[in-house]
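One structure below.
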Amino acid sequence: MYYEEKFINGVLHYRTSPSGEWQSDTSARSLAANVLLGLSEEKRLSVFRLFCTHCGANDPTCKCWNDE
């Protein structure tokens with residue numbers, strides 16, 4: 001199955017075939033991506049710091065990669 005995503009004019013779009021038309025995505029995931037795209041790099045990083053960089057948990061002190 002073919003699936004591709006990209007931002008077009010600041011809105012996340014997708015298509016399901018290499019020559020298919022781009023369609024705007026309205027899922028919660030794409031709405032969040034659209035908002036994040038509008039943030040400055042500094043503000044975007046401040047949001048990402050709220051989550052574990054390895055597993056995505058909402059606990060930034062997650063111990064998922066500790067060898068202990």
Side-chain angles (χ1 to χ4, degrees):
M1 181 179 152
Y2 183 89
Y3 186 82
E4 183 181 6
E5 294 177 308
K6 78 175 185 176
F7 286 105
I8 300 172
N9 296 327
V11 177
L12 188 62
H13 285 72
Y14 71 95
R15 63 182 176 179
T16 56
S17 70
S19 59
E21 289 189 30
W22 290 100
Q23 300 177 27
S24 61
D25 191 351
T26 59
S27 68
R29 178 182 165 274
S30 70
L31 294 175
N34 294 338
V35 170
L36 287 169
L37 181 67
L39 296 176
S40 67
E41 184 176 330
E42 180 180 320
K43 289 186 185 256
R44 192 177 312 127
L45 286 172
S46 73
V47 171
F48 292 148
R49 286 188 191 109
L50 300 172
F51 301 93
C52 173
T53 59
H54 300 291
C55 71
N58 64 348
D59 178 6
T61 61
C62 178
K63 306 295 184 205
C64 67
W65 276 53
N66 282 359
D67 291 333
E68 299 173 11

Please report the interatomic distance [atom1]([X]) to [atom2]([Y]), rounded to the nearest 0.5 Å.
X     : Y     : atom1 : atom2 : result
Phe48 : Lys43 : CZ    : NZ    : 14.5 Å
Phe51 : Arg49 : CZ    : CZ    : 13.5 Å
Leu50 : Asn58 : CG    : CG    : 9.0 Å
Cys64 : Asp59 : SG    : CG    : 9.5 Å
Glu41 : Ser46 : CD    : OG    : 11.5 Å
Lys63 : Cys52 : NZ    : SG    : 10.0 Å

Considering all heavy atoms, the nearest Thr26-Leu31 contact:
O-CD1, 3.9 Å
Determine the minimum heavy-atom distance between Arg44 and Leu39, stating which atoms define it.
NH2-O, 2.8 Å
Note, Thr16 side chain near Tyr2 side chain (heavy atom, < 4.5 Å)
no
Going hydrophobic residue to hydrophobic residue with side-chain gaps under 4.5 angstrom, can you get from Leu37 over to Leu12?
yes
Would a distance-only check, ignoring hydrogens and angles, find a side-chain to backbone donor-acceptor pair under 3.5 Å from Arg15 to Glu4?
no
